[in-house]
J.: 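Can you read through this structure? Questions will come right after.
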Amino acid sequence: MTEITWKKIEDVLTSKKSDVEENIRGWIYRTRSSGNIVFMIVRDSSGILQATIKKGNLPDSQFEDAKNALIESSVELTGIIREDKRAPGGFELQVINLNVVNFADVFPIVKDQSQEFLLDQRHLWIRSRKMTSILKIRSTVVGAIHKFFRDRGFFEFDAPVLQPNQCEGGSTLFEVKYYKNKTFLSQSWQLYAEAGIFSMEKIYNMGPTFRAEKSKTSRHLSEFWMAEMEAAWMDLYDVIEIGKSEIKFILKQVLENNKNELETLEQDINKLKIIAESDFPTITYTEALKILNDQDNMNIEWGKDLRTLEENKLADHFQTPVVVTHYPVEIMAFYKPRDKKNPDTALCFDMIAPDGYGEIIGGSERSLDIEDMVDRLKKMGEEIDNYKWYFDLRKYGSVPHSGYGVGVERVVAWICGIDNIKDAIPFPRTLLRFRP
Ligand code: 4AD
Ligand code: MG
């Protein structure tokens with residue numbers, strides 16, 4: 001018995017070869033029949049192809065199967081490839097053999113259903129062309145992040161997901177029952193990374209991160225993936241430059257590998273290309289307020305965090321990602337150090353994406369001042385004993401160090417141009433959703 005060679009639809013279409021016999025397998029994307037002919041559009045992970053099934057070209061029982069099979073039935077087809085300008089991709093398969101592997105029930109998803117319905121049917125909706133395109137881009141983004149850091153001599157370093165401390169404020173912690181104790185799901189890899197740099201100096205990680213965000217927004221997930229880096233001997237400006245290079249590298253990798261997916265999503269490829277070649281500006285928080293207050297007639301008081309509206313205005317102003325440094329120290333996490341030259345501000349930065357996607361990176365230099373950190377933690381009502389191990393890192397060969405975290409889904413959402421971050425992850429978890 002000879003082994004069947006299955007051809008990917010994309011390879012059939014790009015090889016542009018007519019009059020050859022091919023074997024295709026996949027799922028019925030659309031189908032319609034009239035009399036003695038069935039037009040079946042078949043999809044696999046790589047694309048869609050029209051299969052033309054004519055009575056007489058294959059056994060009658062198979063023709064009946066073709067007429068009866070509903071969308072999302074899984075099929076194996078053998079046929080001859082012919083050029084046909086009217087078919088999607090310019091070629092069709094004239095079928096001589098059909099095997100329906102599974103006759104699908106009536107598929108619950110039809111056109112124009114609500115976002116909530118599609119989220120309920122997420123296990124089925126991820127096979128849509130839209131979701132497949134986004135998930136392929138996500139795969140490129142994740143691969144690019146690993147490549148970016150490994151090519152630059154960073155080691156991958158893992159932190160526990162169950163952690164006794166907060167990192168980014170107690171209000172968004174997820175508590176977990178831990179035998180007879182309690183612990184929390186990781187809000188960030190950072191505090192453990194600050195231990196890791198004494199061993200490996202330059203490290204990175206990408207993993208699930210948890211925040212109990214108590215509001216519904218198009219930018220927040222309860223479970224998201226953060227890609228973080230931490231490096232010994234680096235200051236704020238060193239890591240800002242790495243962050244800018246990382247985002248440009250990710251964008252270039254997507255432009256190189258996912259042109260078809262960006263087209264399916266109707267994303268403006270030229271706009272992304274221009275951004276990938278631009279310099280991303282760096283401004284201070286105080287300069288950002290000046291831009292907003294002068295040009296947009298806003299009236300933001302120094303000391304307040306930038307809200308969505310303000311971040312969007314800034315992004316509109318620059319049209320590229322923009323880095324904002326030196327936020328007011330009062331509204332920053334306990335580990336962000338005061339700038340000695342201006343102690344009301346912290347040596348920290350955010351990168352804000354264009355087009356309303358908000359903060360895609362948050363990072364900083366790390367405080368080396370135990371006393372200042374203790375004060376700030378106490379103000380937050382934290383148990384100082386829990387941080388003793390962290391303060392040890394300042395006692396045994398402390399060095400200047402810095403790092404940042406990239407919100408993977410925010411980057412994916414921005415590059416894909418989608419309206420909700422929920423579509424940037426296969427199975428989103430939010431305030432109101434933890435199923436399926
Ligand atoms: O700015 P954040 O809170 O920074 C940290 O957690 C630092 N400890 C990282 C570090 O320095 N190693 O989070 C980093 C990024 C944000 O800029 C944002 O892109 C993303 O993570 N992010 C979220 N993405 C989706 N849903 C949420 N609830 C998010 N919270 C933060
Ligand atoms: Mg932040």
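Just so it is clear, the structure is predicted and the values come from calculations on it, not from any experiment. Whatever order the structure lists ligands and atoms in, that order sets their numbers, starting from 1.
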J.: So does Glu310 pair up with Lys304, basic N to acidic O under 4.0 Å?
T.: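 Between Lys304 and Glu310 there is no salt bridge, as every charged N stays at least 4.0 Å from the carboxylate O atoms.
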J.: I'd like to know if the side chain of Gln187 and the backbone of Gly169 have a donor-acceptor N/O pair within less than 3.5 Å.
T.: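 Indeed, once roles are kept as given, a pair shorter than 3.5 Å links the two residues.
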J.: Could you tell me whether Glu168 and ligand 1 have an N or O pair separated by under 3.5 Å?
T.: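 By distance alone, the answer is yes.
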J.: List the closest protein heavy-atom neighbour of atom 24 (N) of ligand 1: residue, atom name, distance to the nearest 0.1 Å.
T.: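 Scanning the protein heavy atoms, the shortest distance from atom 24 (N) of ligand 1 goes to Phe224 CD1, 3.5 Å.
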J.: Is any N or O atom of Arg211, backbone or side chain, closer than 3.5 Å to an N or O atom of ligand 1?
T.: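 Yes, since at least one N or O of Arg211 sits under 3.5 Å from an N or O of ligand 1.
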J.: If we only count N/O pairs under 3.5 Å, is His220 in contact with ligand 1?
T.: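 No, there is no polar N/O contact under 3.5 Å.
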J.: According to ring-ring contact (aromatic ring centres under 6.0 Å, His included), who are the partners of Phe249, at least two apart in sequence or on a separate chain?
T.: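 Once residues adjacent in sequence are excluded, the partners of Phe249 under the ring-ring contact (aromatic ring centres under 6.0 Å, His included) criterion are Phe148.
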J.: Is it the case that the side chain of Arg410 and the backbone of Tyr357 share a donor-acceptor pair, with hydrogens and angles ignored and the cut-off at 3.5 Å?
T.: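 Side chain of Arg410 to backbone of Tyr357, a donor-acceptor pair under 3.5 Å: no, none is there.
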J.: Measuring to the Mg ion (ligand 2), does Glu168 have an N/O/S atom at a distance below 2.8 Å?
T.: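 Checking Glu168: none of its N, O or S atoms is under 2.8 Å.
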J.: How far is atom 19 (O) of ligand 1 from the closest protein heavy atom, and which atom is that?
T.: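 The closest heavy atom on the protein side is Glu359 O, 2.9 Å.
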J.: Which residue and atom name correspond to the protein heavy atom nearest atom 12 (N) of ligand 1, and how close is it?
T.: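 Residue, atom and distance for the closest contact: Glu228 OE1, 2.7 Å.
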J.: Quick check: does any side chain N or O of Arg219 sit under 3.5 Å from a backbone N or O of Gly356, one acting as donor and the other as acceptor?
T.: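 A pair under 3.5 Å: yes.
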J.: Regarding ligand 1, does Ser188 bring an N or O atom to under 3.5 Å of one of the ligand's N or O atoms?
T.: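 For ligand 1, there is an N or O atom that lies under 3.5 Å from one belonging to Ser188.
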J.: Give me the residue, atom name and distance of the protein heavy atom closest to atom 11 (O) of ligand 1.
T.: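 Minimum-distance protein heavy atom for atom 11 (O) of ligand 1 reads Arg366 NH2, 2.9 Å.
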J.: Tell me the protein heavy atom at minimum distance from atom 26 (N) of ligand 1, and give that distance in Å.
T.: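 The protein heavy atom lying closest is Leu221 N, 3.0 Å.
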